[in-house]
J.: 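One structure is given below, represented as C-alpha cells, and several questions about it will come after.
Keep in mind the model is a prediction, meaning the values are calculated, not measured. Atoms within each ligand, like the ligands themselves, are counted from 1 in listed order.
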Amino acid sequence: GKDGYRHYMLKEIYEQPQVIGDTLNAYINPVNNYIALPDFPFDVSKATRLTIVACGTAYYAGFVAKYWFETLARIPVEVDIASEFRYREAPLPEGGVAIFISQSGETLDTLEALRYCKRQGQKILSIVNSPESTIARESDAVLYTMAGPEIGVASTKAFTTQLTTLACLAVTTGRARGAIPPERMQAIAHALREVPALAASVLAHDERLKELAQELADSRDVLYLGRGAMYPLALEGALKLKEISYIHAEGYAAGELKHGPIALIDDNVPVVVLVPSDHLFEKVVSNVQEVCARSGKVLLLADKNGIGKLGDSVRWSVELPTCDPLVAPLLYAIPVQLLAYHTAVLKGTDVDQPRNLAKSVTVE
Ligand code: M6R
C-alpha cells in the first residue's frame with residue numbers, strides 16, 4: 001500500500017534514504033568501509049571500453065556514470081539510448097564490457113541492445129532492480145539495486161539506487177586500475193556512507209519545494225541546467241516534470257546555453273539550475289549570471305557556498321547540504337523529483353499513472 005502517502009511516487013521519493021542505505025550495505029563493508037562488489041566472471045577494470053545502454057531515467061543514470069568512470073577509472077565510455085544503439089550496428093572493441101541499466105529488467109529495446117552486444121563478443125553486466133527479469137537472466141553478471149518494488153510510473157528510487165550501484169562500480173574499477181589514491185578511497189567511502197542521512201535532510205525541504213512548485217505549475221516551459229554530472233540530472237529533472245505534469249521542459253548543459261537555448265529565456269520561463277560546489281562551480285556561476293541578465297527566473301539548487309555567491313541574484317533558492325561532488329547527483333535528484341511531484345499534484349494529473357505511459361515498456 002501507500003503507507004498513508006497520497007501517491008506511490010511520494011512514498012518512493014521518501015524511501016530513498018532507506019533504499020540507498022540498503023544498496024550501500026550490499027556493496028560497502030560497514031566495519032572497514034571497504035567497497036566490494038560480488039565476483040564477476042570477467043574483470044571490468046580490464047575493459048578496453050565500456051558501452052552503457054539504457055532508456056529514459058535509467059539512461060540518465062548511465063550518463064552520470066560515464067562521468068564517474070572516465071574521471072575515477074580513466075576508462076573510455078560510450079553511453080547511448082537503447083532504441084538508437086540497437087539499430088546502429090556500432091562496431092564494438094575486443095575486450096569491451098557492455099553495461100545495461102533497467103529497473104524492470106524487461107525493457108525491450110534495452111534487452112535487444114544487450115543481445116546485440118553479446119553477438120559482438122562483449123561481456124554483459126546489468127544493473128537491474130527486478131531479480132527475476134529477462135535482462136538479469138541473459139547477462140554474464142548482475143548487480144542488483146535494492147530499491148524494492150517501484151510502482152509509480154515516474155522512476156525515483158530506482159534512479160538513485162542505480163546511481164549508488166554505479167558509483168560503487170566506478171570506484172572499485174578505479175581502485176583496481178590504480179587510478180584512485182588510498183586517501184581518496186577513504187573519503188569516497190565516507191561520502192557514500194553519509195548519503196542516506198544527507199538525503200533525509202534534503203527531504204526536509206519538501207514544504208519549500210511544494211511552494212516553489214506553484215511557480216512552475218503556471219508555466220508553459222521550464223528549463224533545467226547543469227554541467228558535468230549535473231547535466232544528466234538536468235535532463236532527468238526535465239523528464240520528470242514532462243512525464244507527470246505535462247509541462248514542456250528541457251534540460252541543457254549550461255555551457256551550451258549561448259549556442260541557442262538562451263534565446264528562450266525571458267521573464268516567463270523558470271530556469272532550474274543545479275549548482276553543487278564542484279570543479280565546474282565558477283563556470284555554472286557565470287551561466288546563471290547570463291540567465292539573470294536576461295531576466296530569467298532562476299530557481300537555484302545549491303549548497304551554502306553557491307547560495308552565498310548567487311542567492312542575491314536569483315529569484316528563488318533551496319539550500320542543499322554541502323557534499324563531496326561525487327555524491328551530488330544522488331542528492332540533487334531529490335529536489336527535482338519533489339518539484340515535479342508537487343507541480344503535477346497542483347495540475348491535478350494522475351501522478352502514478354501519467355497518460356500514455358506504461359511502467360515497463362516491453363514493446364517497440
Ligand atoms: O524499467 P526500465 O528502467 O528499463 O525503464 C526505462 C524507462 O522506461 C523509464 O526509466 C522511464 O523513462 C521512466 N518512466 C522515467 O521516469
Side-chain angles (χ1 to χ4, degrees), residues 7-13 15-16 19 23 52-65 79-86 98-115 117 124-139 142-166 224 232-247 249-251 329 333-334 336-341 343-344 349-364:
H7 296 99
Y8 281 107
M9 183 182 177
L10 190 61
K11 170 176 178 265
E12 290 162 0
I13 290 172
E15 281 171 348
Q16 291 177 110
V19 295
T23 306
I52 304 178
V53 184
C55 300
T57 290
Y59 164 71
Y60 296 139
F63 199 171
V64 171
V79 57
D80 205 353
I81 46 179
S83 58
E84 282 302 311
F85 178 84
R86 64 176 283 205
I99 301 179
F100 301 86
I101 307 165
S102 177
Q103 188 288 126
S104 62
E106 301 296 344
T107 302
L108 183 68
D109 283 327
T110 307
L111 176 63
E112 288 300 334
L114 180 159
R115 289 174 175 158
C117 288
I124 309 295
L125 169 60
S126 63
I127 294 175
V128 161
N129 195 44
S130 307
E132 314 275 298
S133 60
T134 314
I135 289 176
R137 227 171 15 248
E138 296 197 15
S139 299
V142 185
L143 289 173
Y144 290 102
T145 50
M146 309 294 165
E150 190 183 64
I151 311 291
V153 163
S155 187
T156 53
K157 62 176 181 166
F159 178 64
T160 46
T161 56
Q162 284 159 355
L163 289 179
T164 305
T165 307
L166 287 159
Y224 289 76
L233 260 290
L235 297 169
E236 166 63 5
L239 173 62
K240 219 82 305 169
L241 190 71
K242 278 184 267 215
E243 87 174 314
I244 59 170
S245 78
Y246 316 150
I247 294 173
E250 292 297 334
I334 297 172
V336 297
Q337 295 165 351
L338 284 169
L339 273 175
Y341 172 76
T343 307
T349 63
D350 188 347
V351 173
D352 285 332
Q353 278 294 333
R355 67 188 183 197
N356 311 337
L357 288 168
K359 181 65 184 160
S360 167
V361 184
T362 52
V363 293
E364 263 195 74

J.: Work out which heavy atom in P354 is nearest to a heavy atom in V153; give both atom names and the distance.
T.: CD-CB, 3.7 Å
J.: Do me a favour and list the nearest non-hydrogen protein atom to atom 3 (O) of ligand 1 with residue, atom name and distance?
T.: Q103 N, 2.6 Å
J.: Taking side-chain hydrogen bond (donor to acceptor under 3.5 Å, both in side chains) as the test, write out the residues that go with E138, two or more places apart.
T.: R115
J.: So does E150 pair up with K359, basic N to acidic O under 4.0 Å?
T.: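 Salt bridge present between E150 and K359.
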J.: Quick check on contacts: which atoms of ligand 1 are under 4.0 angstrom from a heavy atom of S155?
T.: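 Answer for ligand 1: 15 (C), 16 (O).
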J.: With a 4.5 Å cut-off on side-chain heavy atoms, are I247 and T343 touching?
T.: yes
J.: Could you check whether any side-chain N or O of K157 sits under 3.5 Å from a backbone N or O of P149, counting only pairs where one atom can act as donor and the other as acceptor?
T.: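 A pair under 3.5 Å: yes.
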J.: Could you check D109, T107, L108, V53 and say which one makes a side-chain contact (heavy atoms from CB on, under 4.5 Å) with S83?
T.: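 One option only clears the test, and that one is D109.
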J.: What residue and atom, counting heavy atoms only, is the protein's closest point to atom 7 (C) of ligand 1, and at what distance?
T.: C55 O, 3.6 Å
J.: To which protein heavy atom is atom 1 (O) of ligand 1 closest, and what is the distance rounded to 0.1 Å?
T.: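 Of the protein heavy atoms, S104 OG, 2.7 Å lies nearest.
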J.: If we only count N/O pairs under 3.5 Å, is T107 in contact with ligand 1?
T.: yes
J.: If you take the nearest heavy atom of each of V153, I244, N129, which one is closest to atom 13 (C) of ligand 1?
T.: V153
J.: Considering non-hydrogen atoms of the protein only, which is the closest contact for atom 16 (O) of ligand 1, and what is the distance?
T.: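 For atom 16 (O) of ligand 1, the nearest protein heavy atom is E243 OE2, 2.3 Å.
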J.: K240 versus ligand 1: do any nitrogen or oxygen atoms come within less than 3.5 Å of each other?
T.: yes
J.: Applying side-chain hydrogen bond (donor to acceptor under 3.5 Å, both in side chains), name anything that partners T160, two or more places apart in sequence or on another chain.
T.: Q16
J.: When you compare the side chain of S130 with that of Q103, does any pair of heavy atoms fall below 4.5 Å?
T.: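 They are in contact (side-chain heavy atoms under 4.5 Å apart), so the answer is yes.
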J.: Specify the protein heavy atom at minimum distance from atom 8 (O) of ligand 1: its residue, its atom name, and the distance to 0.1 Å.
T.: V361 CG2, 4.2 Å
J.: At less than 4.0 angstrom from any non-hydrogen atom of A58, what atoms of ligand 1 do you find?
T.: 3 (O), 10 (O)
J.: After noting the C-alpha distance and the side-chain angles of T156 and K240, does the key distance pass the side chain to side chain donor-acceptor pair (under 3.5 Å) rule?
T.: CA-CA 9 Å; T156 53; K240 219 82 305 169; over 6 Å; no
J.: Among protein heavy atoms, which sits nearest to atom 11 (C) of ligand 1, and what does the distance come to when rounded to 0.1 Å?
T.: T57 N, 4.2 Å
J.: Under 4.0 Å from a heavy atom of G56: give me the atoms of ligand 1 that qualify, with their elements.
T.: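 Reading through ligand 1 atom by atom, the close ones are 12 (O).
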J.: Which atoms of ligand 1 sit under 4.0 Å from any heavy atom of A154?
T.: 16 (O)
